[in-house]
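Report on the following structure.
None of these values were measured; they are calculated from a predicted model.
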Amino acid sequence: MIFEERQIEKNNFSSRAIILFVIIILGLFAVLVQVFTLQISGYNDYQLAALKNKNYTVPVQALRGEIFDRNGKVLIKNEPTFDLITQPNLIDDIDSFLDEIQPVIFLSESDKFQYKKLQKEKAYANKELVLKKDLSAAEIARFNVRSFNFQNAFIAKRYRRISDYPNIFSHVLGYTSRTEDAYKSMPEIPRSHWKDAELVYAHGLIKGRTGLEEIYEDHLRGSYGERVYEINAMGKLVQSLSITKPLKGSDLHTNLDIEAQKSAAKFLGNRRGAVVAIDLDSGGINVLYSSPTYSINQLSNGMNEDDFQILINDPDKPFFNRALKGRYPPASTIKPAIGMYGVSKNIVNWDFEIKDPGFFTLPETGRVFRGWRKGGHGKVNMHKAFLVSSNTYFFSLAYQADIEELSSHLTSLGFGQKVCLDCFDEDQALVPTPEWKYSIMNAGWVKGDTVNLGVGQGYLLVTPMQLANYASLLAKKGAFNEPAIVKQEKVKKSLKIWQDNKFNDSDWNKLHQALLGVIESDYGTARSIRDLKKFQVAGKSGTAELVSLDSKEAYQEVRTSELLRDHSIIIVFGPMPNPKYAVSVVIENGESGGAVAGPVAIEVLKSLINE
């Protein structure tokens, strides 16, 4: 019995020993595997991780491309500026340092506050800190004389985004401002490192916010570089190890014309409105001006809160781009489009006459639509209707139109849609349809709505950009290029063709003769501008009513409020007979189209053809 118990005990001990031995062997094997992984197979991965802990990569900002007009003149440039940079880790007493440098470099209380706020953080990490941006020439001179007293500070060159024409091109060029999402362009650099980016612009990491600066952001921005620093265990920068230089952004060459834009600004003056001019051969936009304006230099390089609030609260809305977003009734400028529709649908021809008594009566309801001239124009055919701008003729024509067909026709001429290839935030305005009216007003379309469209009133709304595009189509007899601000070698050329087999070359020639007569004949409604130039111009003026009234006497009462006065509108193209440019002008509450908007259009044309 005793022998058996000892044998069992011996067997149990042996089993436990074997199990322990196996465990030890497995443990040793696991250790060997881990050593192999650390020393051989995973060496590169762990080496990379170690380097990442030892290295600190920051982005290096690139200079943006510059922007030029069609003659190669600079519109936006990178202008050098100079900042005072400090090394906070070398400054023992921050208050004494600021007191000592104050007589040399003027510092506001805000400058001092911001500096003290960041000084400790930058000193700990051995990083530089800007004390003051955009030093004056006098400050630079004073500092250079006394620089031996400030071994912990130096002057470094930075850049500002500057235009020599900051107001007149504000809406088309746009502005830049600081961005917080630059890290998205280089995701391989940790987002937390971007606060230490190596800057070339005085106002930090910037991006385009409006205009060409925003539309062509990727083209202008360039590519960030990167600098790799060695850091110690405390996270302080030790030395620069390497740098990949950034690539400057590409320049942008536009169709804009500085002198013509100056003319638009000069002759529009301080009135609210817009001017757009298009080169008929290329479709290039030579002028895109909206008034009032603001300074893109101030917005791009630091505008104080008070000045910004003044702009925001200005009742004339200087930030509003009237050239692209202003919605206006086209008034009589739409009559060529209505005439084209009438001929193509066999409703009228060039010889068709009516008697114009000065009004049109809607047969269904007896509602009276009045013309602009009391007593009317007598017998008028289409040619005379254009010259004298007979409302009755076009009321009558529109009355016979099918609204779906008419809306489609207006859309084919570029209304109710965006027409510019590279304009910022362009509005498509409105070509009304019965479906639109029902969805918005919960009311059906009536014949009077169609009659109103015949003279560019009612629900139809257009932008100055669309009017210039429409004028280009008329000037080029249906074949024209899609308008673009940037030159064609940078933008794919897009030829547009408006064609109707029932509106032929003879019709186009007659239309041109009629529109030429609007300005050049003794009976044209815009004849007041014919002596302002030495070349011939075709066009159509309009006076857009904001309030529907039954008489001129009633309007005289309403016009005491400037905001209720009619808008002044004109489209022109010339010089005839081979036009090179088309221009649209809208002046809010300017009243008579030919007499008020007309001179602005003529001066812009003169600038473009160098007269």
Side-chain angles (χ1 to χ4, degrees), residues 64-77 161-177 207-217 219-220 251-268 272-279 282-300 311 316-326 418-427 463-469 472 481-488 490-491 581-586 600-601 604 607-608:
R64 292 174 72 84
E66 297 182 319
I67 303 178
F68 299 84
D69 86 336
R70 68 171 180 165
N71 298 310
K73 297 178 181 178
V74 179
L75 291 171
I76 290 188
K77 60 188 175 183
R161 202 71 171 150
I162 289 293
S163 173
D164 290 334
Y165 316 96
N167 291 86
I168 66 173
F169 283 103
S170 56
H171 295 94
V172 61
L173 296 179
Y175 64 91
T176 58
S177 68
K207 70 181 293 186
R209 296 297 184 181
T210 62
L212 293 181
E213 291 276 28
E214 195 278 342
I215 291 291
Y216 288 95
E217 168 66 19
H219 182 90
L220 291 164
D251 293 337
L252 206 58
H253 296 269
T254 74
N255 293 298
L256 298 168
D257 187 292
I258 291 175
E259 296 307 315
Q261 189 90 354
K262 284 181 179 178
S263 289
K266 176 181 177 180
F267 290 95
L268 193 56
R272 298 180 303 277
V275 182
V276 180
I278 296 176
D279 184 314
S282 67
I285 298 173
N286 302 138
V287 174
L288 200 155
Y289 179 71
S290 176
S291 175
T293 65
Y294 58 92
S295 171
I296 53 176
N297 286 352
Q298 286 185 306
L299 278 178
S300 295
L311 285 176
D316 288 337
K317 303 184 186 316
F319 284 126
F320 184 60
N321 189 345
R322 288 165 168 81
L324 298 177
K325 298 182 70 66
K418 297 178 181 181
V419 297
C420 176
L421 192 62
D422 54 359
C423 288
F424 175 77
D425 201 21
E426 181 185 2
D427 192 277
T463 66
M465 182 70 246
Q466 290 172 344
L467 285 172
N469 179 68
S472 298
N481 291 303
E482 186 173 7
I485 301 172
V486 171
K487 282 193 173 179
Q488 296 294 352
K490 298 293 183 182
V491 178
Y581 302 99
V583 181
S584 71
V585 178
V586 175
V600 179
V604 170
S607 292
L608 289 170

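For S300 (side chain) and T176 (main-chain N/O), a donor-acceptor pair under 3.5 Å exists by modelled atom type. Side-chain atoms of Q261 do not come within 3.5 Å of backbone N or O of F169 as any donor-acceptor pair. Under a 3.5 Å cut-off, the side chain of H171 and the backbone N or O of R322 do not form any donor-acceptor pair. With hydrogens and angles disregarded, no donor-acceptor distance shorter than 3.5 Å links the side chain of N255 to the backbone of N286. The backbone N or O of G65 sits nowhere less than 3.5 Å from a side-chain atom of H219 that would complete a donor-acceptor pair. Without hydrogens or angle criteria, E66 side chain to L252 main chain gives no donor-acceptor distance under 3.5 Å.
Note that CZ of R209 is 8.5 Å distant from CD of E217, once rounded to the nearest 0.5 Å. Here the straight-line distance linking atom CG of L75 with atom CG of D257 works out to 9.5 Å at 0.5 Å rounding. The CG atom of L220 lies 11.0 Å from the CD1 atom of I215; values are rounded to the nearest 0.5 Å. Distance check: S290 OG to L268 CG gives 8.5 Å after rounding to the nearest 0.5 Å. Remark: Y294 OH to N167 CG distance equals 10.0 Å, nearest 0.5 Å. For the atom pair OH of Y175 and CZ of F319, the computed distance is 6.0 Å after rounding to the nearest 0.5 Å.
When all heavy atoms of A323 and T463 are compared, the closest pair comes out as O-CB, 4.2 Å. The two residues R70 and D279 have their closest heavy-atom pair at NH1-OD2, 3.9 Å. Nearest heavy atom pair, residue E482 against residue V419, reads CG-O, 3.4 Å. For the residue pair V586 and P464, the shortest heavy atom distance occurs at CG2-CG, 3.9 Å. Taking every heavy atom of both residues into account, S607 and A260 meet most closely at CB-CA, 3.7 Å.
Contact annotation: the side chain of K325 never approaches that of E426 to less than 4.5 Å [non-hydrogen atoms, C-beta and beyond]. Counting heavy atoms from C-beta on, the side chains of N321 and C423 never come closer than 4.5 Å. Side chains of V172 and L256 form a contact here, defined as non-hydrogen atoms less than 4.5 Å apart. Using a 4.5 Å heavy-atom cutoff, the side chains of L212 and F424 are not in contact. By the 4.5 Å heavy-atom criterion applied to side chains, T254 and K487 are not counted as neighbours.
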(request) Dump the intermediate steps for side-chain contact (heavy atoms from CB on, under 4.5 Å) on S291 and V275, then the final yes or no. (result) CA-CA 9 Å; S291 175; V275 182; over 6 Å; no
(request) In sequence, state the C-alpha distance, the side-chain angles, and the governing distance for Y216 and D422, and then conclude on side-chain contact (heavy atoms from CB on, under 4.5 Å). (result) CA-CA 9 Å; Y216 288 95; D422 54 359; 2.7 Å; yes
(request) List the steps and the verdict of side-chain contact (heavy atoms from CB on, under 4.5 Å) for V276 and N469. (result) CA-CA 9 Å; V276 180; N469 179 68; over 6 Å; no
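Ion pairing between a basic and an acidic side chain is recognised when a charged N comes within 4.0 Å of a carboxylate O; E213 and K207 show no such pairing. Under the 4.0 Å criterion applied to side-chain N and carboxylate O atoms, D164 and K73 are not assigned as salt-bridge partners.
With sequence neighbours excluded, the residues forming a side chain to side chain contact (heavy atoms under 4.5 Å, CB included) with S472 are I278, L280, A582, listed by chain and number. For S163, the side chain to side chain contact (heavy atoms under 4.5 Å, CB included) partners two or more places apart in sequence, or in a different chain, are I76, Y165, L173, I296, N297. Listed by chain and number, the residues in a salt bridge (charged side-chain N to carboxylate O under 4.0 Å, His left out) with D69 amount to none (sequence neighbours excluded).
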